[in-house]
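Step one of this worksheet: look at the structure below.
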Amino acid sequence: MGMMIVARRIDAAEEVRYEFGFEDRYDRLLTIDPCTLEARIDDGDFNPAASATTAKIVDAWRSAGDFPERMMFAS
């Protein structure tokens, strides 16, 4: 059984920051460097949910040329 992961962009200055989590609980912070596409999680636990969220956001950026404001997908 999969879980729905949601993310919303909260900042896009020098780095791109997203709140993300399961369902509508945005309980984690993801930061992506737009120059290197290096990602980090504020709590330091780069688990499969963080990896999948990063991959989906980067794929959307590659397709559209901009970081999406929101992202939703099943894991």
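The figures that follow rest on heavy atoms only: side chains count, while hydrogens, waters and symmetry mates do not.
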inquiry  = If you compare all heavy atoms of Asp43 against all heavy atoms of Ile41, which two are closest, and at what distance to 0.1 Å?
reply    =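 For Asp43 versus Ile41, the nearest heavy atoms are OD1-CG2, 2.9 Å.
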Verify the cluster assignment for [X] and [Y]: are they in a single hydrophobic cluster under the rule of side-chain heavy atoms below 4.5 Å apart?
| X | Y | result |
| --- | --- | --- |
| Met3 | Phe73 | yes |
| Ile5 | Phe67 | yes |
| Met72 | Phe20 | no |

request  = Among residues two or more places apart or on two chains, list those pairs meeting ring pair (Phe, Tyr, Trp, His ring centres under 6.0 Å) that have a residue in residues 24-48.
outcome  =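 Listed once each, the pairs would be none.
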ask   = Charged N to carboxylate O below 4.0 Å: is that the case for Asp42 and Arg28?
value =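 Result for this pair is no, no salt bridge flagged.
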task = May I ask you to say whether Arg40 pairs ionically with Glu15, meaning some side-chain N is under 4.0 Å from a carboxylate O?
result =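 Salt bridge flag = yes for Glu15 with Arg40.
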Counting only pairs under 3.5 Å, give me each side-chain donor-acceptor contact of residues 48-62, with atom names and distances, residues two or more places apart or in other chains.
unit_1	atom_1	unit_2	atom_2	d
Thr53	OG1	Ala49	O	2.7
Thr54	OG1	Ala50	O	2.8

Among Leu30, Ile32, Val16, side-chain contact (heavy atoms from CB on, under 4.5 Å) partner for Arg9 =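 Answer after filtering Leu30, Ile32, Val16: Val16.
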inquiry  = Could you check whether any side-chain N or O of Tyr18 sits under 3.5 Å from a backbone N or O of Pro68, counting only pairs where one atom can act as donor and the other as acceptor?
reply    =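 Yes, Tyr18 side chain to Pro68 backbone: donor-acceptor pair under 3.5 Å.
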ask   = For Leu29, what are the other residues in its hydrophobic cluster, where any two members join if their side-chain heavy atoms are less than 4.5 angstrom apart?
value =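 Listed partners: Ile10.
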